[in-house]
**Student:** 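Submitted below is the structure of interest, expressed as structure tokens.
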Amino acid sequence: MSNPILEVQDFSVDFWVDGVWYPAAIKMNFELHPGKVLAIVGESGSGKSTTALGLMSLLASNAKMSGSVKVRDQEMLNANSATLRKFRGKEVAYIFQEPMTALNPIYTIGFQVVETLRTHFDLSPKRARARAVELFTLVEIPNPEQSFDKYPHQLSGGQRQRAMIAQALACDPGLLVADEPTTALDVTVQAEILDLMRGLKDKLNSAILLITHDMGVVADMADEILVMKDGLTVERGSADQIFNRPGHPYTQQLLAAVPKLGSSKRRELAHRDDAQVKPVLKLTDVSIEYPKRGRIPAFLAVKDFNLEIYPGEIVGLVGESGSGKTTVGRAAIGLLPIKQGAIEVVGNDISRATQKDLSAIRRHTGIVFQDPASSLNPRLPIGESIGEPIFLAGLAKGADLAHKVEDLLDQVELPRSYRNRYPHELSGGQRQRVGIARALALTPDLLIADEPTSALDVSVQARFLDLLQDLQVKLNFACLFISHDLAVVDILAHRIAVMQNGLLVEIGDRDQILKHPANEYTKRLIAAVPVPDPAEQKIRREARLATKN
Amino acid sequence: MFGFKKKEKIDSFTASGENAIANKEVEGLSQGQIVLKRFLRHKAAVISVIFLASIIALVFSAVNSSIGPIKINGWWKWGTEDLPSLRTEGCGDGTVGCPSFSLMPKFLGGSGIQFGDHPFGQDDIGRDYFALVMKGTQRSILVMFVIGIFAATIGTVIGAVAGYFRGTIDNVLMRLTDFIITIPAVIVGSVIGAKFGNLGALVLAAYLGLFAWTGLARLVRGEFLTLREREFVDAARVAGASTRRIIFKHILPNAVGVIIVSVTLLLSGAILLETALSYLGFGVVPPDVSLGLLINQYQDAFTTRPYLFWYPGFFIIGIALSINFIGDGLRDAFDPRQKQRLTKKDRQNAKVLERDAA
């Protein structure tokens, strides 16, 4: 076997906070050979990104590193900055999570690749340009010649990530460190980027250190897997071993928490008599337009949308970013005005309702927002946030209100003492529970959940979904569950609606959509979802490539 | 014992998840406590608070003063209207009324550490200059706070309304703001001073406040534009909150950092504006006194009796500087991105948190 390109021994990182060193990564040991992919997986806060950045001393000044990191037998820890500069970019290249922030917005992508090239090689501007165009061709950016002179904001998310990969590959690095390279991308784009990375790795024989929390991506890419938790290496082994015979309980738990497409049991609706039961939410030919602002023309976000949700039913609304699914959710609760059509909530038409009418209807509705960090007022204790709808509806006051808030906290399984906590003291999962408690404060007939789990770790997400299901069974509210993650929708929903570019492309029972999709787009969407199983993922990948060619 | 246990429980709940390490610093603290903790870290600001507080205590207790209904009898033996005879001993060169304040001990040839009868000296007609400076500083500080209160109220309301409602209201209010910004403050001040100066310092201050709110209004508007898009505002709207409740209960408390910081910095501008106007003769008019007026009245005496210049100048600089430091400290305290700088000493002294290697 060839020499390893990366050797890490007893590598630890500590962070200084207020006079105490807090360990972020503890005694990491691994090595990486050319042409192989090592995936570091773990939940947020487990220290995986810290490890990746620490390898090339890219951490903030309050970090302390110890141990040994060797790239091509050259020690990187405590190396002088000249050595580090020589190795960064040339031997070790990084691909970051968010290409919009990792690329400099005031330079063209071509300039940025040329800059990397000319830093490390003696190249004339002309030859550097030719090489950059060659790289853009390699990463399959359309019209490489023209794209050379484009700025990052002129490219789509997927193309930006390709440009960043081109920049990373500029000097044929032996090691690519990819830190959550596809997390910010839609599933179909994610599948393309992963295909691209796999192809390039084989072509250039580089090694990839993949940092991710997505077990599907790991199953798709990794040869070897390292599982981290709270800075410690929990388990290390080949992909086959970790996925099929996980040894450590934490690994088993992590794998069990990952929602798998098409594996959850069928959930029966209690009973539905279509003739008698009136829909809780009814959208008829709804169009929503974002009005013209300054020079930005009006934008039609949703066109001729029809949807009915019946009591006790969960409808999943899926689509990629920009498809208009959040817009539908916000309009359904009266937060956005609609241009055409009608929206009926619990029998009341809200499309022409005044502010006063809306407040009456809002007693029957609740919404859980996407971002737990932004959806709670940082200046209010969470008890007050939860109690606000009850207080404003004039249902309870003082001790009575406190009692109701305690009941709600019990319902979402949070300690009652949390009533006096502020949002910044809670973790993401806890904040999202508070969000649910607030949405359920008035026992609504309709709950809108707008990507409530997209900011959560898998194990937290699994608990959150369990909780939401239990509450739904107990309180029997109707729910519009908006998500980009088909596997999550699969667990919850009775029916699934698929959106693309503001249009409803398909709607039907869950099994019908997932097993026998009729629409081309739905089929592509389902095929692109990575499955946390290396063997099955390989079959799916080959099937996908076959349809592509 | 019980308290300790509770703390442990908090740790086990919050010690995982994103930003776990970064959040260690703010664990179990309310927003106010976090801000106070960060403020106390800023040494210059803390010293400035003490310094400013002592100046205020000194000037308001030394000579007779009245703030609204509160009347304070000064402990200093002279008032601003007393006319003691001019001091001649120890002044030399034929000058009179020189300061009796001295720090040079006797064994070094000085006159010993003492305050004397007239520590800051006397003016042309023998009035005690210490009393005059105290009175002048009182006036200047009062004018500063009145300008600050008026400007803060108007700026916050206009900024909040413009930022929250946007559209036409925003356009009208912001063009008004732009218009007021284009008029130089000194010109506004001199016109107002010429017209209202004789109505008393506080009326003048109130009018100046009507023109000092522009910068604050812009900042508050910007803050409101960002905050109104946050999801908790939507959540409040869905909960049925009225516009007034959303503005005052949900958005304003979150903008309070910006408001406090910029009002503080506005205050130091206000005291300089007052002194500048009084110096030009458009501000506070005699027989009232203010720091700028004192400097104006005795500018000709600069070569012969420079102390008539120094003492009011010292109070102007001292107050403006300490308010600026306080503003600086507050800005750092309210901005969560401001991190403590890590020194070599901190690195060595830091404890290592042992974690059981499970």
**Student:** Under a 4.0 Å N-O cut-off, is there an ion pair linking B/R245 with A/E388?
**Tutor:**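 Result for this pair is yes, salt bridge flagged.
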**Student:** Given a strict heavy-atom distance threshold of 4.5 Å, which part of A/R363 is in contact with chain B: side chain, backbone, both, or neither?
**Tutor:**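 It is neither, since no heavy atom gets under 4.5 Å.
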**Student:** So which atom in B/E231 and which in A/D371 form the shortest heavy-atom distance, rounded to 0.1 Å?
**Tutor:** OE1-N, 3.2 Å
**Student:** Let me know if A/L335 has heavy atoms under 4.5 Å from chain B in its side chain, its backbone, both or neither.
**Tutor:**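 Side chain of A/L335 only, per the 4.5 Å heavy-atom cut-off to chain B.
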**Student:** Can you check whether A/R379 reaches B/H250 side chain to side chain, under 4.5 Å on heavy atoms?
**Tutor:**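 No, every pair of side-chain atoms sits at 4.5 Å or beyond.
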**Student:** Hey, which of A/L392, A/N377, A/I333 has the most heavy atom pairs under 4.5 Å with chain B?
**Tutor:** A/N377
**Student:** Of the non-hydrogen atoms in B/A239 and A/P389, which two are nearest, and what is the gap between them?
**Tutor:**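 That closest heavy-atom pairing would be CB-CG, 3.7 Å.
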**Student:** Is the CZ atom of A/F11 crowded by more than 12 outside heavy atoms at less than 6.0 Å?
**Tutor:**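 It does: A/F11 CZ has more than 12 such atoms within range.
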**Student:** For B/R244, does the CZ atom have more than 12 heavy-atom neighbours from other residues, nucleotides or ligands under 6.0 Å away?
**Tutor:**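 Count not over threshold, so no.
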**Student:** Do other residues, nucleotides or ligands put more than 12 heavy atoms under 6.0 Å from B/Y164 OH?
**Tutor:** yes
**Student:** Using a 4.5 Å cut-off on heavy atoms from C-beta on, say whether the side chain of B/F232 contacts that of A/P378.
**Tutor:**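 Touching, per the 4.5 Å side-chain cut-off.
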**Student:** With a 4.5 Å heavy-atom cut-off, do A/R330 and B/D234 have their side chains touching?
**Tutor:** yes
